[in-house]
Amino acid sequence: MFFDGYGYPATSFEQTYKCYPASFIEKPHLESGDKIIMPPSALDRLASLHIDYPMLFELHNPATHRRSHCGVLEFVGEEGMIYMPYWMMQNMLLEEGDTVNVKNATLPKGTYVKLQPHTKDFLDISNPKAVLETTLRNFSCLTSGDSIMVAYNNKKYYIDIIETKPASAITIIETDCEVDFAPPLDYKEPERVPAIPAPAAKTTATPEESKDVEETKFTPFTGVGRRLDGKQLKYSVAPLTETTSHPTNNKTSGPGSSSAGTSQRHASGKLVFGSGTGSTSTDASKESVKEVKQEVPKEEPKFQAFTGKKYSLKD
């Protein structure tokens, strides 16, 4: 049995309407939910049918074969037209004035929903869970593959519905539903920087390093002597090092070796005339005295007070 040529039987509601965004009837609050506005004739037909409440509908775009689900807010629209949120028209690829099929539907209560934000900005909200709960109170149902819009702080956030259980379309009215989040579409995992191994400790020193250590040894008394009166020294003082001590030992050992040689000759019990041993020793002693005299600097005349000439002021 059919009623007034609408083309739907008495057990179900199905009708074709032209769709327009909610801004055409100055109802911007429709954008924060999934409810549409239908004409009064639709309410008359639905009242005569045995349908489940709350009223839920399936929307079908015959041109693109896109499907979605929604609820109804009011029956105050013009005949042959329905008004829906603009984000819902975008999901179904509908333009202003396109035709859409509306059919009543019965959906199971949802137990699980997996959502995926489009951008990371949604995660920057101080309490995204509370914002999502407040927004979903205006929704009647959710469909896998749809993208819902969450308005918060004068900004719009779009969220994809990836998965719903126990069916691809569920109702969220008066039900406890578990919500899970997937990483945002623009999320990128941070690049892992490979750990740099620590350099091994050096156990042996290289030859170059050992040379540097030897060169930096402390050598005492290597400065330059200066007089208190500012005059220059007439002789230079050699630095006291280990190398200077060796030649002196060699020199002192010279006379000792010569005396040892003479003692060996005299110990043999023979008299040797003209050997020149005495003269050599005396000559060596004379030369050492001369060297000592040369090394001793001449003493400068001492300072004597009041040795200048006398002058008189009368002259």
Side-chain angles (χ1 to χ4, degrees), residues 8 11-15 17 19 22 27-40 42-60 66-77 82-92 100-117 122 125-153 156-182:
Y8 57 88
T11 57
S12 65
F13 175 87
E14 185 174 358
Q15 186 61 39
Y17 297 99
C19 64
K27 291 185 180 292
H29 60 278
L30 289 179
E31 296 294 335
S32 61
D34 67 339
K35 296 179 175 61
I36 64 174
I37 293 179
M38 301 179 69
L43 179 59
D44 297 338
R45 301 307 176 187
L46 289 168
S48 62
L49 300 176
H50 298 283
I51 61 174
D52 296 331
Y53 289 88
M55 297 181 183
L56 301 177
F57 300 92
E58 178 187 356
L59 303 178
H60 176 229
R66 296 293 295 270
R67 296 180 183 272
S68 184
H69 295 81
C70 66
V72 60
L73 182 63
E74 296 177 347
F75 294 91
V76 295
I82 61 172
Y83 302 92
M84 62 176 60
Y86 185 68
W87 63 265
M88 190 180 293
M89 295 180 62
Q90 290 179 327
N91 281 341
M92 300 188 65
V100 58
N101 295 333
V102 181
K103 181 181 179 181
N104 70 311
T106 301
L107 302 178
K109 290 186 177 183
T111 58
Y112 174 82
V113 177
K114 188 173 184 180
L115 307 176
Q116 184 178 31
F122 182 75
I125 299 175
S126 59
N127 193 351
K129 181 180 178 181
V131 173
L132 188 62
E133 288 179 354
T134 304
T135 303
L136 292 180
R137 289 174 186 172
N138 300 322
F139 282 72
S140 301
C141 51
L142 297 175
T143 306
S144 299
D146 282 358
S147 295
I148 61 176
M149 190 269 294
V150 177
Y152 176 75
N153 200 13
K156 296 180 180 179
Y157 302 93
Y158 290 91
I159 301 176
D160 292 341
I161 302 173
I162 300 177
E163 184 182 0
T164 58
K165 292 180 181 181
S168 59
I170 58 174
T171 177
I172 57 174
I173 298 175
E174 298 179 357
T175 181
D176 293 331
C177 188
E178 180 184 355
V179 179
D180 189 14
F181 283 91

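Any value given below was found using the heavy atoms of this structure, including those in side chains, with hydrogens, waters and symmetry copies removed. Not measured: the values here are computed from a predicted model.
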With rounding to the nearest 0.5 angstrom, report the [atom1] to [atom2] distance, [X] to [Y].
| X | Y | atom1 | atom2 | value |
| --- | --- | --- | --- | --- |
| Thr106 | Asp52 | OG1 | CG | 4.0 Å |
| Lys114 | Ile162 | NZ | CD1 | 5.5 Å |
| Cys70 | Met88 | SG | CE | 5.0 Å |

Test item: [X] side-chain N/O and [Y] main-chain N/O as donor-acceptor pair under 3.5 Å:
| X | Y | result |
| --- | --- | --- |
| Ser48 | Arg45 | yes |
| Thr171 | Ser140 | yes |
| Trp87 | Gly33 | yes |

Does OH in Tyr86 sit with more than 12 non-hydrogen atoms of other residues, nucleotides or ligands closer than 6.0 Å?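 At most 12 heavy atoms, drawn from other residues, nucleotides or ligands, come within 6.0 Å of this atom.
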Does Asp176 have more than 12 heavy atoms from other residues, nucleotides or ligands lying within 6.0 Å of its CG?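 Atom CG in Asp176 is not packed in, count stays at 12 or less.
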Pair Ser144, Thr164: side-chain N/O donor-acceptor within cut-off below 3.5 Å: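 A pair is found: one side chain offers a donor N or O, the other an acceptor, under 3.5 Å apart.
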With distance as the sole criterion, is a donor-acceptor pair present between the side chains of Ser68 and Asn91 under 3.5 Å?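 Their side chains do not contain a donor-acceptor pair, so the 3.5 Å distance test is not met.
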Is there a side chain to side chain contact (heavy atoms under 4.5 Å, CB included) between Leu46 and Phe75? Walk through the geometry before answering. CA-CA 11 Å; Leu46 289 168; Phe75 294 91; 4.0 Å; yes
Salt bridge check: are Glu31 and Lys156 linked by an N-O gap of less than 4.0 Å?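 The answer is no: the pair does not qualify as a salt bridge.
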State, to 0.1 Å, how close Met38 and Ile36 come at their nearest heavy-atom pair, and which atoms those are.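 For Met38 and Ile36, the tightest heavy-atom pair comes out as CG-CD1, 3.8 Å.
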Applying side chain to side chain contact (heavy atoms under 4.5 Å, CB included) to Asn104 and Met55, what does each step give before you reach the verdict? CA-CA 7 Å; Asn104 70 311; Met55 297 181 183; over 6 Å; no
